[in-house]
Amino acid sequence: MINITNVSEYEAIAKEKLPKMIYDYFASGAEDQWTLKENRNAFSRIMFKPRILRDVSKIDLTTTVLGFKILMPIMIAPTAAQKMAHPEGEYATARAASAAGTIMTLSSWATSSMEEIVSTGPGIRFLQLYLFKDRNMVTQLVTRAENAGFKAIVLTADSPVIGRKEANIKNRFKQPSYLRLKNFEGMDLEKLYKTKDNSGHTSVVNGLYDQSLTWKDVKWLQTITTLPILVKGVLTAEDTRLAIQAGASGIIVSNHGARQLDYAPATITALEEVVQAAEGRVPIFMDGGVRRGTDVFKALALGASAVFIGRPVVFSLAAEGEAGIRKVLKMLHDELEITMALCGCPSLKDITRDHILTERDHPRIAPKL
């Protein structure tokens, strides 16, 4: 057993264990990776204003997401090709999420199919989806998700094209040939991979994604499914209002793990603008840079209903398989519980904007020379 005391420690272990090409694929961000660092750094600029002498003898972390009860406001974000991290891949993630009483989002680009995930046992699961040029592919995926008992569609809306991850270019990243994108079996994806001259992952994906996607397509998606749709990739008030007008059931504030547009704001920085624009009409979630229970508390204080974690899942999976993911979820749960107690909040509804201080709250005063 590796003696791990916090979530971030898993990254170094994953780096040791994984081939460089695969570690870099999971770890890297777009271009200069400014947003990748900022997703973390922005959390460290938010301070607490703890309240004392409150009865915190019982701490309640339970909440509901789209009407489903979960044991903590921490869910699993969609991350592609988890079998590159560990042979059990998404199976391990599904079991760990279920054991922790939380929701797993399965990536379209998973190396295990929706049906295989269901076979691991009960659990609340969402399917992450891209709207491909071939709408027939989309319809097939959505129908399968419904039949497999998935409870929501997470529509990734920030990827008309794929961001430039220079590590992937340097490493000439290719998905290992022994892995299959199981949700697309029988859909001619394999053929696409073989016919592309540079056999590059990015050019294949760019060939599939619909660059002409607009809000009307979010409405179209609602004509083929009754499942609630969460729009992932919102960073502004304007797009928040458009997402709600288009019928979204919820919004995920996300910069795609800093893998798309570099110099996009950190998600924790963009969160409050989105929350204010939503005016309580739909729940707001966030992902990006969450590594501590304190980070989760800060997101909730800024108005998020819950958060999603991505890389911590992949890195802990690489390090210790299912046990690693279970440990990550437990550490975040326990850290959040302690943070709530020390801030005087016995339940999630007790966490308010008054419990934190952001840069917006205190104008920078130049020091006297």
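Bear in mind the structure is a predicted one, so any value in this text is a computation, not a measurement.
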When Ile, Leu, Val, Met, Phe, Trp and Tyr are grouped by side-chain heavy atoms lying under 4.5 Å apart, directly or through other members, which residues fall in the same group as I169?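 For I169, no cluster forms, as it stays isolated from other hydrophobic side chains.
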What residues join I252 in its hydrophobic cluster, counting side-chain heavy atom gaps under 4.5 Å, either direct or through other members?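 Members alongside I252: V65, L66, F68, I70, M75, I103, I124, F126, V154, L230, F285, F308.
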Quick one: pull up [atom1] in [X] and [atom2] in [Y] and give me the separation to the nearest 0.5 Å.
{"X": "T214", "Y": "L131", "atom1": "OG1", "atom2": "CG", "result": "10.0 Å"}
{"X": "N183", "Y": "S108", "atom1": "CG", "atom2": "OG", "result": "6.5 Å"}
{"X": "M286", "Y": "L235", "atom1": "CE", "atom2": "CG", "result": "10.0 Å"}
{"X": "L61", "Y": "I59", "atom1": "CG", "atom2": "CD1", "result": "7.5 Å"}

Within the structure provided, determine whether I4 and M331 are in side-chain contact (heavy-atom separation under 4.5 Å).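 Result yes, sub-4.5 Å side-chain heavy-atom pair found.
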Validation row: P73, V296 side chains within 4.5 angstrom (heavy atoms):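 Touching, per the 4.5 Å side-chain cut-off.
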At their closest point, which heavy atom of V118 faces which heavy atom of A148, and how far apart are they?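 Nearest heavy atoms, V118 then A148: CG2-O, 3.1 Å.
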Between side-chain atoms of residues 17-24 and protein atoms elsewhere (two or more places apart, or another chain), which donor-acceptor pairs fall under 3.5 Å?
residue : atom : partner : partner atom : Å
K17     : NZ   : A319    : O            : 2.8
K20     : NZ   : D24     : OD2          : 2.7
Y23     : OH   : E11     : OE2          : 2.7
D24     : OD2  : N171    : ND2          : 2.9

Ring centres of F315 and F26 under 6.0 Å apart?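 No, the ring centres sit 6.0 Å or more apart.
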Under 3.5 Å, is there a donor on one side chain and an acceptor on the other for [X] and [Y]?
{"X": "E320", "Y": "Y10", "value": "yes"}
{"X": "S44", "Y": "N41", "value": "no"}
{"X": "D287", "Y": "S254", "value": "yes"}

salt_bridge([X], [Y]) N-O dist < 4.0 Å:
{"X": "R40", "Y": "D295", "result": "yes"}
{"X": "K330", "Y": "D334", "result": "yes"}
{"X": "E90", "Y": "K182", "result": "no"}
{"X": "R45", "Y": "E38", "result": "yes"}

What's the verdict on side-chain contact (heavy atoms from CB on, under 4.5 Å) for D210 and F132, showing C-alpha distance, side-chain angles and the deciding distance? CA-CA 5 Å; D210 187 351; F132 301 110; over 6 Å; no
Throw together a table of side-chain donor-acceptor distances under 3.5 angstrom for residues 336-343, partners on residues two or more places apart or in other chains.
residue : atom : partner : partner atom : Å
T339    : OG1  : E335    : O            : 2.8

Show me the side-chain donor-acceptor pairs of residues 80-87 shorter than 3.5 Å, one per line, residues at least two apart or across chains.
residue : atom : partner : partner atom : Å
Q82     : OE1  : T93     : OG1          : 2.6
Q82     : NE2  : T79     : O            : 3.3
Q82     : NE2  : T79     : OG1          : 2.8
K83     : NZ   : T111    : O            : 3.3
H86     : ND1  : E88     : N            : 3.0

Between R259 and Y25, is NZ or CZ placed under 6.0 angstrom from the six-membered ring centre and within 45° of the ring axis?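 Because its charged atom sits under 6.0 Å from the ring centre and within 45° of the axis, R259 does stack over Y25.
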Kindly write out the residues that satisfy side chain to side chain contact (heavy atoms under 4.5 Å, CB included) with N136, not counting sequence neighbours, or none if the list is empty.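 For N136 the side chain to side chain contact (heavy atoms under 4.5 Å, CB included) partners, ignoring immediate neighbours, are D134, Q140.
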Ring geometry between W109 and Y209 (parallel below 30°, tilted from 30 to 60°, perpendicular above 60°):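 Geometry flag for W109 against Y209: tilted rings.
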